[in-house]
There are 2 protein chains.
Amino acid sequence: MHLVQAGCRNTSRGYSMQNGLDRRLTSITKPKLKADAKPFAAFKHSEAERIRRMRINGQYATLRTILPNLIKMDKASVLAETIRRVRELKKAVEEVEAVCCTVVPGGEDGLSLEYSGGVEEDGQDSGAAGLVFIKVALSLEDRPGLMLELINAVKSVKGAGGVGLIRVVKAEMVTVGGRTKTLLWLQPMPPPASSGSSSGSGDYDGEGVLVMLRRTLRVVLVKK
Amino acid sequence: MHLVQAGCRNTSRGYSMQNGLDRRLTSITKPKLKADAKPFAAFKHSEAERIRRMRINGQYATLRTILPNLIKMDKASVLAETIRRVRELKKAVEEVEAVCCTVVPGGEDGLSLEYSGGVEEDGQDSGAAGLVFIKVALSLEDRPGLMLELINAVKSVKGAGGVGLIRVVKAEMVTVGGRTKTLLWLQPMPPPASSGSSSGSGDYDGEGVLVMLRRTLRVVLVKK
DNA sequence: TTCAACACGTGAGAC
DNA sequence: TGTCTCACGTGTTGA
């Protein structure tokens, strides 16, 4: 109950890094007597709390060195300035990204789809008439496992027979300031040659695939 | 001495915003009796401390909302992630600024001087042969009063007679993400027509002025 | 059980 | 004087 007020106060308001780690009952061993158990536990507890405080205060010290033009140095002001700065920097990155890095113009959801009905790079026809190559560009806040999510989303686009309709040919990612710009090169897969001629599929619903793809990718975009 | 342990614990580890502001001895008035003075002071003290804690915890809550991909939500982890993010964003802004916004190539100190010996825009000769127009571009962390510092630095460049050698014709600043890009258009002033012909000054040390100017501006750049 | 994280009330320095 | 900020040890809770 606050019977012991530790000697080291270090309240010089200098906001310097160093702290305790001072002279103290070092190398404590667990007491065998039951009477000593409680003071020992109390000491361990207060010591753990001291270490926790030191860790947090160390982060404050780091923030104080990182943030420019800090007027007030107290914790609340440091946190407030930190929040302001993070928002400012985030906005700056997004703005400058919008100006400098737009590869393919996308909609307001940051999702852009480009497709062609021609022949792909290696000159090999995919077999799906009217839709053989899709290029997807999207830009969003980075998160772990994003690429996996995107690929799974692409693979989840399936036709009537439960067979995948699109395969990922190439993928590129570039992250700047926590935002990720992703490029996907996709290739529609030919419908299963179950009936009719092998080169048929004249009724292949390329537009439908695109709609499904866009809807599926949008789920990934708005997630979290 | 911890005789009263407040009722509201709110230790649901939910890291939600709301907190106390709860039922409590409201609308306390200062007691007249001396015996009540101390408990009253203690209450006011603990209450003030509670408000302070709430303010700080509110900042933590805000940080938890604006930081993406937070795995651990405890205070130390939030601060650590904040530090990481600020550094990441700052670097991103600097990099993208270096790529997109370089107006005049500068040295490693971010200071670039350009000068011409011709005639300035309005066709009026400054009178100083060989150095009539200086354009300065510099990029550094923004700070309040920076422009004033720069102008004073320019004005502090003086000749033998203690007279100013340079005047500021135009100044532009643009700040992005806390970094400021500054453009200064300077004009050397003619040396005082104390002796010789009025159009003389053939021995005007334009190079010396540039050296002094660069040295003076560098002081502003490395400050703080 | 121990451990980690938290809110609390309090003593004390700074302004 | 009073107010503000901080470090401290403690009680408590969930894992």
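Residue numbers start from 1 in every chain, and the chains themselves are labelled A, B, ... in the order their sequence lines are given, proteins ahead of strands.
The shortest distance between the side-chain N/O atoms of B:Arg50 and the OP1/OP2 oxygens of C:dA7 is not below 4.0 Å. Of the side-chain N and O atoms in A:Asn57, none sit less than 4.0 angstrom from OP1 or OP2 of D:dC6. The phosphate of C:dA4 has neither OP1 nor OP2 within less than 4.0 Å of any side-chain N or O from A:Arg52. Proximity of B:Lys75 to the phosphate of C:dA7: a side-chain N or O atom is located under 4.0 Å from OP1 or OP2. For D:dT5, the OP1/OP2 oxygens have a side-chain nitrogen or oxygen of B:Arg55 closer than 4.0 Å.
Taking atom CZ of residue B:Phe40 and atom P of nucleotide C:dT10, one finds them 14 Å apart after rounding to whole Å. At whole-Å resolution of the value, CZ in A:Arg53 and P in D:dT10 are 11 Å apart. The separation between A:Ile51 atom CD1 and C:dA5 atom C1' is 14 Å, rounded to whole Å. What separates CZ of A:Phe43 from P of C:dC3 is a distance of 13 Å, to the nearest Å. If you take CE of A:Met54 and P of D:dC6, they are 17 Å apart, rounded to a whole angstrom. Following rounding to the nearest Å, B:Tyr60 (OH) and C:dA5 (P) show an atom-to-atom distance of 13 Å. For the pair A:Ile56 CD1 and D:dC8 C1', the interatomic distance rounds to 14 Å; values are reported in whole Å. As rounded to whole Å, 14 Å separates atom C1' of D:dT5 from atom CG of A:Leu79.
Heavy atoms only, all atoms of each residue included: A:Met73 and A:Val78 are closest at O-CG2, 3.5 Å.
Salt-bridge check for A:Lys44 with A:Glu47: failed, with every basic side-chain N at 4.0 Å or more from each acidic carboxylate O. Checked for salt-bridge contact, A:Arg143 and A:Glu149 meet the test: a charged N lies under 4.0 Å from a carboxylate O.
Nearest to the side-chain atoms of A:Lys44 among the listed nucleotides C:dT10, D:dT5, C:dC3 stands C:dC3.
Checked by distance alone, A:His45 brings no side-chain donor or acceptor within 3.5 Å of a matching partner on the base of D:dG9. In this model, a side-chain donor or acceptor of A:Glu49 finds a partner on the base of C:dC6 within 3.5 Å.
Taking the salt bridge (Lys or Arg N to Asp or Glu O under 4.0 Å) definition, one finds that B:Glu141 meets it with A:Arg85, sequence neighbours left out.
When heavy atoms are screened at a 4.0 angstrom cut-off, B:Lys72 is found touching the sugar-phosphate backbone but no base atom.
Side-chain contact between A:Arg167 and A:Ile151 is absent, with no heavy-atom pair separated by less than 4.5 Å.
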